[in-house]
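Single-structure report; data block below.
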Amino acid sequence: MVATAAPPLNGTAHVNGTAHARARHADAPARHGRRHESATRRSGFYPNLRPQLYRLIESESVDPVRNPYAPGAGQRPPELAGRDRELRQFEVVLERVARGRPERSMIITGLRGVGKTVLLNAFRSMAIQKLWGTGKIEARPDQSIRRPVASALHMAVRELAPRHRAPDRIEAFLGVLKAFAQAGPEPSGTRAKARAHRWQPGIDVPASRGRADSGDLEIDLTELFVDAASVATDVGAGIALFVDEMQDVPADDVSALCAACHELSQIGGPLIVVGAGLPHLPAVLSASKSYSERLFRYARIDRLDRESADVALLAPAEREEVTFTDDALDALYGAADGYPYFVQAYAKVVWDVAPDTPITAEDIRVAAPEAESELAVGFFGSRYERATPAERDYMRAMAMLGDDPVPTAAVADELGRKPSSLSPARDGLIKKGLIYSAERGMVAFTVPHFGKFLRSQPA
């Protein structure tokens with residue numbers, strides 16, 4: 001861009017009074033001529049610039065503000081493609097429960113980045129549209145679900161309370177809920193105990209006694225769920241408790257949760273638990289209660305097929321009057337391998353790089369290194385950094401054996417170690433959610449393409 005030359009400076013300086021005014025008046029024709037010259041230059045400059053500006057403005061695809069793609073943890077993509085079957089299944093669950101029909105709670109499983117949390121949130125929106133009470137928790141390792149469940153059910157019942165005809169009935173349940181929240185074992189240490197006694201779930205009623213307050217989570221949770229379901233029945237609605245990262249629920253709490261759901265299924269109470277977790281979640285549930293295999297409706301979600309991946313790309317782009325060539329769609333599917341998070345990550349970078357619509361395979365080629373760099377830092381690298389040196393060695397050995405589930409004995413052979421000596425590293429990786437036990441004696445990465453990432457890193 002060529003800058004317009006500045007007008008020459010007036011050489012007269014240090015004038016005052018009348019002399020200054022006369023100087024300005026005498027200089028007026030010259031200043032007028034310079035203004036005319038500057039205006040002429042500007043009028044010639046902007047027409048030359050206008051074609052470039054118009055091309056930039058008319059190309060919607062280069063405007064990052066209008067970029068529709070949304071890679072993020074649990075962030076809903078602009079087009080929830082490829083999940084119609086699961087959405088229909090949950091619609092059936094809601095309708096059956098609403099009509100008093102027996103129905104199972106629901107579990108979603110899958111690898112990281114396939115959209116479990118997104119689907120869980122979509123289910124919650126569906127329940128809210130049906131005027132259900134809803135609450136959501138995210139499980140954490142070594143943390144009891146007692147108080148998180150209390151807070152979630154408090155939220156759910158508050159959503160139902162305005163439609164209940166008997167405020168005393170709501171207050172009675174809240175008293176039970178408060179007692180439940182405060183009935184768990186106290187943390188060790190005097191200060192921890194003091195904090196626990198002061199902890200309040202935001203319920204301005206006295207805690208009830210004799211219901212859901214035994215201190216045994218299995219008994220208490222069952223009684224609490226039954227009472228919550230009774231409140232929902234009073235208003236002709238249901239309650240849905242959503243549990244994300246369900247594989248991290250402590251073993252004893254998983255057993256209590258299964259027992260409570262079992263009781264609800266027997267009495268037909270309108271309360272369901274909808275969980276989401278890694279692929280080994282069904283094994284976790286089965287280990288806690290043998291009947292859990294029949295207690296839940298399981299939905300395993302995976303990568304998108306080609307048609308669904310194309311819809312996830314094209315639908316939001318076409319709403320912005322941008323499209324992709326067939327070769328570009330081929331290249332994007334090859335890069336993202338159909339995993340929803342990768343689809344969004346690649347598409348977001350490609351949108352910002354592409355100079356015009358339609359987006360081409362060349363645009364994909366140019367954008368791929370930047371997208372892969374962002375994934376290497378944010379999606380893969382952040383997880384890798386959480387591992388200890390011994391755990392990293394274990395993962396690198398897994399990666400060298402391929403991308404499918406591998407035998408733990410083979411990992412030990414790769415490292416030249418005895419399998420028993422690697423148990424701490426393996427257990428640490430499982431606890432951190434970096435690998436899971438696909439079946440007895442087998443391990444696999446929880447993150448798609450993690451083996452490929454590790455193989456690309458220097459030893």
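The shortest side-chain heavy-atom distance between Val118 and Asn121 does not fall under the 4.5 Å cut-off. Inter-residue side-chain proximity for Ser105 and Leu295 is flagged as unmet; no heavy-atom pair is nearer than 4.5 Å. Counting only heavy atoms from C-beta outward, the side chains of Arg83 and Val114 approach each other to under 4.5 Å. Side-chain contact between Phe173 and Ser230 is absent, with no heavy atoms from C-beta onward closer than 4.5 Å. Side-chain atoms of Ile272 and Phe225, non-hydrogen and from C-beta on, never get closer than 4.5 Å to each other. Using a 4.5 Å heavy-atom cutoff, the side chains of Leu329 and Leu314 are in contact. Using a 4.5 Å heavy-atom cutoff, the side chains of Met395 and Arg383 are not in contact. Side-chain contact between Phe180 and Arg211 is absent, with no heavy atoms from C-beta onward closer than 4.5 Å.
At least one donor-acceptor pair closer than 3.5 Å links the side chain of Lys178 to the backbone N or O of Val205. Of the possible donor and acceptor atoms, one in the side chain of Gln344 sits under 3.5 Å from a partner among the backbone N and O of Ala70. Between the side chain of Ser373 and the main chain of Pro369, no donor-acceptor pair closer than 3.5 Å is present. Without hydrogens or angle criteria, Arg396 side chain to Leu454 main chain gives no donor-acceptor distance under 3.5 Å. A donor-acceptor pair under 3.5 Å is formed between the side chain of Asp213 and the backbone N or O of Gly210. Side-chain atoms of Ser292 come within 3.5 Å of backbone N or O of Ser286 as a donor-acceptor pair. Checked by atom type and distance alone, the side chain of Thr357 pairs as donor or acceptor with a backbone atom of Thr323 at under 3.5 Å. Remark: the backbone N or O of Thr134 is paired with a side-chain donor or acceptor of Glu159 at under 3.5 angstrom.
Between Gln143 and Asp253, the shortest heavy-atom distance links the atoms O-OD2, 4.4 Å. When all heavy atoms of Ser290 and Arg294 are compared, the closest pair comes out as O-NH2, 4.3 Å. Scanning all heavy atoms of the two residues, the minimum distance from Ala156 to Gly135 falls at CB-N, 4.2 Å.
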Subject >> Trace of the side-chain contact (heavy atoms from CB on, under 4.5 Å) decision for Ile107 with Leu281 >> reply: CA-CA 9 Å; Ile107 299 294; Leu281 176 56; 3.5 Å; yes

**OP:** Decide side-chain contact (heavy atoms from CB on, under 4.5 Å) for Leu375 and Tyr341; before the verdict, give the C-alpha distance in whole Å, the side-chain angles of both, and the deciding distance to 0.1 Å.
**Re:** CA-CA 10 Å; Leu375 287 170; Tyr341 183 84; 3.6 Å; yes

Original post:
Can Leu257 and Leu221 be said to form a side-chain contact (heavy atoms from CB on, under 4.5 Å), step by step?
Top reply: CA-CA 7 Å; Leu257 196 59; Leu221 194 60; 3.8 Å; yes

**OP:** Start with the C-alpha gap between Phe379 and His449, add the side-chain angles, then the distance that decides, and say whether ring pair (Phe, Tyr, Trp, His ring centres under 6.0 Å) holds.
**Re:** CA-CA 10 Å; Phe379 193 71; His449 292 189; 9.5 Å; no

**OP:** Could you check Ser437 against Arg426 for side-chain hydrogen bond (donor to acceptor under 3.5 Å, both in side chains), going step by step and ending with a plain yes or no?
**Re:** CA-CA 9 Å; Ser437 179; Arg426 182 196 64 218; over 6 Å; no

**OP:** Begin with the C-alpha distance, continue with both residues' side-chain angles, and end with the deciding distance and a verdict on side-chain contact (heavy atoms from CB on, under 4.5 Å) for Gln457 and Arg392.
**Re:** CA-CA 12 Å; Gln457 301 303 302; Arg392 293 176 188 177; over 6 Å; no

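With sequence neighbours excluded, the residues forming a ring pair (Phe, Tyr, Trp, His ring centres under 6.0 Å) with Tyr436 are His280, listed by chain and number. Residues passing the salt bridge (Lys or Arg N to Asp or Glu O under 4.0 Å) test with Arg163, sequence neighbours excluded: none.
Note: Tyr346 OH to Tyr69 OH = 15.5 Å, rounded to the nearest 0.5 Å. One distance of note links CD of Gln247 with NZ of Lys431; it measures 13.5 Å at 0.5 Å rounding. Note that CG of Leu241 is 5.5 Å distant from CG of Leu153, once rounded to the nearest 0.5 Å. Note that CD of Glu372 and CZ of Phe342 are 10.5 Å apart. Values are rounded to the nearest 0.5 Å. Atom CG of Asp248 sits about 7.5 Å away from atom CG of Leu278, to the nearest 0.5 Å. Distance check: Met246 CE to Ile145 CD1 gives 7.5 Å after rounding to the nearest 0.5 Å.
Between the side chains of Asp252 and Ser255, no donor-acceptor pair of N or O atoms lies under 3.5 Å. A donor-acceptor pair shorter than 3.5 Å cannot be found between the side chains of Arg112 and Tyr339.
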Below 3.5 Å, can you tabulate the donor-acceptor pairs from side chains in residues 84-95 to any protein atom, sequence neighbours excluded?
{"from": "Glu91", "atom 1": "OE2", "to": "Lys130", "atom 2": "NZ", "distance (Å)": "3.2"}
{"from": "Glu95", "atom 1": "OE2", "to": "Lys130", "atom 2": "NZ", "distance (Å)": "2.7"}

Kindly list each side-chain donor-acceptor pair under 3.5 angstrom involving residues 96-104, sequence neighbours excluded, with atom names and distances?
{"from": "Arg96", "atom 1": "NE", "to": "Pro102", "atom 2": "O", "distance (Å)": "3.4"}
{"from": "Arg96", "atom 1": "NE", "to": "Glu103", "atom 2": "OE1", "distance (Å)": "2.8"}
{"from": "Arg96", "atom 1": "NH2", "to": "Pro102", "atom 2": "O", "distance (Å)": "2.9"}
{"from": "Glu103", "atom 1": "OE2", "to": "Arg297", "atom 2": "NH2", "distance (Å)": "3.4"}
{"from": "Arg104", "atom 1": "NH1", "to": "Phe296", "atom 2": "O", "distance (Å)": "3.4"}

Distance-only criterion, 3.5 Å: show the donor-acceptor pairs between side-chain atoms of residues 399-406 and protein atoms not counting sequence neighbours.
{"from": "Asp403", "atom 1": "OD1", "to": "Arg455", "atom 2": "NH1", "distance (Å)": "3.2"}
{"from": "Asp403", "atom 1": "OD1", "to": "Arg455", "atom 2": "NH2", "distance (Å)": "3.1"}
{"from": "Asp403", "atom 1": "OD2", "to": "Arg455", "atom 2": "NH2", "distance (Å)": "3.2"}

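Heavy-atom neighbours of Met442 CE from other residues, nucleotides or ligands within 6.0 Å: above the threshold of 12. Atom CZ of Arg306 has more than 12 neighbouring heavy atoms from other residues, nucleotides or ligands inside a 6.0 Å radius. Atom CG of Asp427 has more than 12 neighbouring heavy atoms from other residues, nucleotides or ligands inside a 6.0 Å radius. Heavy-atom neighbours of Glu307 CD from other residues, nucleotides or ligands within 6.0 Å: at or below the threshold of 12.
The aromatic rings of Phe380 and Phe453 lie parallel to each other, their planes meeting at an angle below 30°, with 60° marking the opposite boundary.
Evaluation of the ring-ring contact (aromatic ring centres under 6.0 Å, His included) test over residues 242-264, restricted to residues two or more places apart or in two chains, returns His262-Tyr291.
Residues Glu374 and Lys348 are not paired through a salt bridge, judged by the lack of any N-O separation under 4.0 Å between the basic side chain and the carboxylate.
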